[in-house]
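In what follows, a structure is listed as structure tokens, so that the remarks can point back to it.
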Amino acid sequence: MKPTDDTNRPLLNISGLRVSLGGRSILNGIDLNVARGEFVGLIGSNGAGKTTLLKTILGDITPLEGSVDVLGHKGTRTGEIGYVPQKIALDPDLPLLAKDFVALGLDGHRLGVSLRGRHFWERVEHALEGVGALEYADRPVGRLSGGQQQRIMIAAAIVADPALLLLDEPLANLDPANSADIVVLLDHIRNANGIGIILSAHDINPLLGVLDRVVYLAQGRSAFGRTDEVIRTDALSDLYQHPITVLRTQGRIVVLADEGGEPGHHAAEYSGAENSESAETQEGGSPDGRL
Ligand SMILES: Nc1ncnc2c1ncn2[C@@H]1O[C@H](COP(=O)(O)OP(=O)(O)OP(=O)(O)O)[C@@H](O)[C@H]1O
């Protein structure tokens, strides 16, 4: 769902955010906002600060400066945000059924005995149904495939009906088919529930058909806007403070660093619908190295 006038009040508003960890500046002046039903991609290379930003939104990291407003108030309150952490390895022998894992999303944060009545299990079932995982609800969660586990993680994150869903690299360990399935599922969830989504990834490719906006992290700073505004030669060169070339070829985008650019960064290949030219188009500069 694209945000409409009626639903345009930001779920999340981040302004001038600065975060240091262990005395090192990690994020330095981040601004972004997310509206209801909006799908935002959080893109950056290893160590760019994606997890740090998500944990700051969750309230697990206290910023040095700046503000994080959730639903118009300072900071996060329990239940407002669903979170799918970076891949956790689940022991195949973990004595926990998939539905019990999802149930922890409703009462796992509470101390003491929880009352799990009929309504409680209806909510769990509803969440499992929403991610297409009912058929393996009674199987041990540690024995499910990577794609199935990812659906269970998402169910656990949305079962409490949050306004905002944060996912930290949920596509990282999935093959292209499973990755595409999860993207379609998330697109459906934000349409059905009006939930705002921030999903972090190295590779923007699988997301381009669904993203409303992108926040691109580099050098502790961010570029935020529509994909065609951010994934551009001029915008990324400015962000990296180094010449960057964005190529469009056969409906894909490839981001390249000119010589001496940040080493080891990924190439973000674009396969979105916004640009489907078959001839290679270069936006300027000669690419020597991959970003
Ligand atoms: N507790 C900490 N103390 C000091 N530095 C830290 C701490 N946690 C993370 N960092 C550093 O902060 C930077 C950002 O880390 P972060 O995990 O947020 O990056 P990321 O973009 O999520 O990376 P990846 O894609 O590899 O998961 C890294 O350089 C990391 O080493």
Side-chain angles (χ1 to χ4, degrees), residues 12 14-32 34 39-68 75-76 81-90 146 149-150 153-154 157 164-176 178-179 182-183 186 197-208 211 213-225 227 230-231 235-236 239-242 244 254-257 261-270 289-291:
L12 173 71
I14 293 182
S15 172
L17 190 73
R18 287 186 57 218
V19 174
S20 283
L21 293 174
R24 249 186 74 215
S25 170
I26 308 295
L27 301 174
N28 193 7
I30 308 294
D31 300 297
L32 72 104
V34 180
F39 202 140
V40 174
L42 172 56
I43 309 298
S45 55
N46 284 118
K50 301 180 297 297
T51 300
T52 302
L53 178 55
L54 295 178
K55 287 188 171 170
T56 307
I57 295 169
L58 283 166
D60 291 350
I61 294 175
T62 305
L64 216 54
E65 254 180 48
S67 59
V68 178
T76 306
I81 301 183
Y83 180 50
V84 177
Q86 225 161 350
K87 176 76 182 157
I88 20 178
L90 294 170
Q149 283 185 6
Q150 203 56 268
M153 301 283 173
I154 293 169
L164 186 65
L165 176 61
L166 310 181
L167 303 105
D168 198 350
E169 303 205 33
L171 311 179
N173 298 295
L174 302 182
D175 61 35
N178 270 299
S179 183
I182 293 293
V183 171
L186 292 169
I197 294 180
I198 303 180
L199 182 153
S200 79
H202 296 117
D203 182 3
I204 198 168
N205 269 355
L207 299 166
L208 281 157
L211 290 186
R213 289 190 289 178
V214 58
V215 52
Y216 203 112
L217 291 187
Q219 322 283 28
R221 303 186 303 137
S222 64
F224 178 55
T227 307
V230 171
I231 314 289
L236 291 189
L239 182 64
Y240 278 97
Q241 298 176 308
H242 182 89
I244 298 296
V254 183
V255 181
L256 303 167
E262 185 178 280
H265 191 81
H266 70 291
E269 291 185 42
Y270 176 81
R290 291 195 155 218
L291 248 192

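As the structure lists them, so they are numbered: ligands from 1, and atoms in each ligand from 1. Numbering of residues begins at 1 and proceeds along the displayed sequence.
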What's the shortest heavy-atom distance between [X] and [Y], and which atoms?
X	Y	answer
Val214	Thr227	CG1-CA, 3.8 Å
Leu211	Gly41	CD2-N, 3.4 Å
Ala201	Leu207	CB-CD1, 4.0 Å

Task: Value rounded to 0.5 Å, distance of CD1 in Ile198 from CG in Leu12 - done: 5.0 Å

Task: Distance, nearest 0.5 Å, that separates CG of Asp168 from CE of Met153 - done: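 Here the rounded value is 12.5 Å.
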
Which protein non-hydrogen atom lies closest to [atom], naming both residue and atom, and how far is it?
atom	value
atom 31 (O) of ligand 1	Arg24 NH1, 4.0 Å
atom 19 (O) of ligand 1	Gly49 N, 3.3 Å
atom 14 (C) of ligand 1	Gly47 O, 3.4 Å

TODO: May I ask which of Ile43, Leu21, Thr52, Asn46 has a heavy atom nearer to atom 15 (O) of ligand 1 than the others do?
DONE: Thr52

TODO: Measure Ile26 to ligand 1 on non-hydrogen atoms and call it side chain, backbone, both or neither using the 4.0 Å cut-off.
DONE: side chain

TODO: Using a 4.0 Å heavy-atom threshold (strictly under), name the region of Ser45 that reaches ligand 1: side chain, backbone, both or neither.
DONE: backbone

In ligand 1, which numbered atoms sit nearer than 4.0 Å to a non-hydrogen atom of [X]?
X	value
His202	25 (O)
Lys50	18 (O), 19 (O), 20 (P), 21 (O), 22 (O), 23 (O), 24 (P), 25 (O)
Thr51	17 (O), 18 (O), 20 (P), 22 (O)

Task: Side chain proximity check, Asn46 to His202, heavy atoms < 4.5 angstrom - done: yes

Open item on the list: Quick check against the 3.5 Å criterion: does Asp31 have a side-chain atom that pairs as donor or acceptor with the backbone of Gly16?
Closed with: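 Yes, the answer is positive, given that a donor and an acceptor are paired below the 3.5 Å cut-off.
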
TODO: Assess Gln86 for proximity to ligand 1: is some non-hydrogen atom of it under 4.0 Å away?
DONE: yes

